[in-house]
There are 2 protein chains.
Amino acid sequence: MSPKKSGTAKEAKPLSRIQEANRKAILDAALDVFAKSGFRGATIDEIAGKAGMSKPNLLYYFKSKRAIYQQVLEQTLSEWLTPFAELDPNGDPVEELRRYITAKLKMSESNPNASKLFANEVIHGAPVISDFLTTSLKALVDEKAKVIRKWVGEGKLAPIDPYHLIFTIWATTQHYADFDVQIRAVIGTQAGKPGFHEQAAQAVLSIILHGIKPR
Amino acid sequence: MSPKKSGTAKEAKPLSRIQEANRKAILDAALDVFAKSGFRGATIDEIAGKAGMSKPNLLYYFKSKRAIYQQVLEQTLSEWLTPFAELDPNGDPVEELRRYITAKLKMSESNPNASKLFANEVIHGAPVISDFLTTSLKALVDEKAKVIRKWVGEGKLAPIDPYHLIFTIWATTQHYADFDVQIRAVIGTQAGKPGFHEQAAQAVLSIILHGIKPR
DNA sequence: ACATTGCTTGACCGTTTGGTCAAATCGGAC
DNA sequence: GTCCGATTTGACCAAACGGTCAAGCAATGT
């Protein structure tokens with residue numbers, strides 16, 4: 001195998017300018033549509049329309065609806081987990097967690113569709129990413145849980161179960177993206193106002209950080 | 001209008017024994033299927049099958065798929081909000097909130113499908129219940145927010161925005177139902193073990209309650 | 001100019017699915 | 001038992017949808 005090395009995934013194919021543009025247009029449109037309607041509710045026609053092309057043309061770039069979904073989901077996942085992976089074992093615990101929570105809340109604000117896509121997938125049993133959850137994600141969480149447990153052992157955090165702390169953070173930060181409609185409905189006009197998300201961040205940080213400070 | 005008073009909704013119709021049983025079977029099955037597949041992904045055939053009857057028979061009791069969905073959702077909503085409505089302004093704040101959080105976590109454990117159904121509806125823009133959210137739910141939340149604000153004013157809670165406190169509680173408690181697949185994937189075998197939910201409750205309570213105690 | 005390859009689409013197909021209908025069956029009142 | 005409305009269902013329909021195909025169009029190298 002001298003001319004072509006066999007990588008772990010599809011390879012070669014330098015992807016022409018137009019291919020790159022069209023694939024991106026498709027994935028962007030797909031994120032919108034899948035987030036709004038779920039996998040089953042989304043139609044290829046709507047994605048194609050939003051991407052500015054015909055259905056057969058879209059299927060020229062992705063071989064099936066599921067293939068698009070998988071790609072969008074993968075892309076979203078890695079992006080979504082970046083700030084979590086960056087939790088620094090050597091940093092100040094409260095400061096590290098503050099940074100992480102803030103980053104995730106910011107992501108929920110700037111890209112709620114990514115959050116909704118993921119939520120939808122998991123709520124329906126994670127048919128596409130259950131492997132990822134039990135391998136990559138579990139490994140990453142185990143690693144970070146160890147870090148948190150170390151912090152607790154050093155007295156830098158209140159004695160709290162690391163996993164449930166992580167779940168609590170995920171829950172609150174996702175909530176502001178996934179349930180934005182409910183939040184807007186309940187608090188009325190001030191939801192869209194600038195500064196609302198800063199206020200939300202402050203409240204969440206206040207509760208969680210005070211809840212885990214050593215005492 | 002002596003013989004029949006015109007109520008706000010459908011009335012009369014004492015509902016025979018068999019009607020009651022069949023409607024219940026349908027609604028139970030529908031909760032399962034809608035929670036698993038979402039509105040769009042659910043099929044009348046599957047609901048009918050689970051309810052032990054044919055599709056036309058199901059449509060004899062509910063005039064459309066949407067009608068079933070609406071009914072299940074309504075039923076779920078009122079049940080879901082009961083413990084929230086019971087927050088007692090005259091009780092001890094921390095104790096009241098502990099009771100509420102505990103009750104909601106217990107509901108997430110015993111009836112995750114109800115939670116998932118609701119989450120799915122809201123994530124996709126609450127097409128069916130947006131009216132409910134902006135009227136009944138908003139009124140209820142405003143009322144409880146006032147209570148919490150009073151508690152804060154009396155120094156019985158740390159100065160925290162009531163709305164964001166409520167959202168944080170909703171977020172965490174829903175998370176254990178909606179994302180149970182992810183939780184199970186991440187923490188492995190011990191998820192199903194007895195006592196797991198007690199442990200989760202303890203962790204969540206520890207974080208939130210310490211986070212809002214007066215300081 | 002032309003051929004080759006990449007890109008695009010209108011028309012079409014088979015399946016799934018929400019919903020209808022007429023006919024069959026059931027169950028209680030008399 | 002007989003009757004009549006309530007209940008149940010097999011067969012069917014129309015629309016929506018995922019996916020295919022063959023033919024058209026554009027770009028690029030020679």
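No engagement by A/F62 is indicated, since no non-hydrogen atom pair under 4.0 Å with the nucleic acid exists. Counting any heavy atom pair closer than 4.0 Å across all strands shown, A/R66 reaches no nucleic acid atom. Residue-level contact check: B/S54 touches the bases, meaning some heavy atom is under 4.0 Å from a base atom. In this structure, B/A42 reaches the sugar-phosphate backbone alone: every heavy-atom distance under 4.0 Å involves primed, P, OP1 or OP2 atoms, never a base.
Scored by the side chain to side chain contact (heavy atoms under 4.5 Å, CB included) test, B/Q199 finds A/D161, A/H164, B/F196 as partners (sequence neighbours excluded).
In this structure, B/F34 places its CZ atom 13 Å from C1' of C/dT17, rounding to the nearest Å. With rounding to whole Å, B/M53 atom CE is found 23 Å from C/dA24 atom P. Going from atom CG of B/L58 over to atom P of D/dT9 covers 11 Å, rounded to whole Å. For the pair B/Y69 OH and C/dG19 C1', the computed distance is 20 Å after rounding to whole Å. Distance NZ (B/K55) to C1' (C/dT17): 6 Å, rounded to an integer number of Å. Between the OH atom of A/Y60 and the P atom of D/dG19 there is a distance of 18 Å, given to the nearest Å. The nearest whole Å value for the distance from the NZ atom in B/K63 to the C1' atom in C/dG18 is 13 Å. Spacing between atom CZ of A/R17 and atom C1' of C/dG6 amounts to 15 Å, rounded to whole angstrom units.
Both A/R40 and A/N57 lie close to DNA chain C; mapped to their nearest nucleotides by heavy-atom distance, the more 5′-ward contact belongs to A/N57. Of the two residues near DNA chain D, A/L59 and A/G41, the one whose nearest nucleotide lies more 5' is A/G41.
The neighbour count for B/Q71 CD, taken as heavy atoms of other residues, nucleotides or ligands under 6.0 Å away, is above 12. Counting heavy atoms of neighbouring residues, nucleotides and ligands inside a 6.0 Å radius, atom NZ of A/K106 does not exceed 12 of them.
In this structure, of C/dT17, C/dA11, C/dG19, it is C/dA11 that holds the atom nearest to the side chain of A/P56. Here the side chain of A/I18 is nearest to one of D/dT7, D/dT9, C/dC7, namely C/dC7. Of the candidates D/dG18, C/dC21, D/dT7, the closest approach to any side-chain atom of B/Q19 belongs to D/dT7.
Between A/F118 and A/I129, some side-chain heavy-atom pair lies under the 4.5 Å cut-off.
For B/K65 against C/dG19, no side-chain N or O and base N or O form a donor-acceptor pair under 3.5 Å.
Between B/Y163 and A/I187, the shortest heavy-atom distance links the atoms CD2-CG2, 3.8 Å.
The end-to-end axis angle of the helix from C/dA1-D/dT30 to C/dC30-D/dG1, rounded to 10 degrees and based on five pairs per end, is 0°.
Between B/F84 and B/Y100, the two ring planes are tilted [angle within 30° to 60°]. Ring geometry for A/F167 against B/Y176 counts as perpendicular: the plane angle is over 60°, on a 0 to 90° scale with 30° as the lower cut.
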Can I get a per-line list of side-chain donor-acceptor pairs under 3.5 Å for residues 26-39 of chain B, giving both atom names and the distance, sequence neighbours left out?
unit_1	atom_1	unit_2	atom_2	d
B/D28	OD2	B/K24	NZ	2.7
B/D32	OD1	B/N113	ND2	2.9
B/K36	NZ	B/E46	OE2	2.7

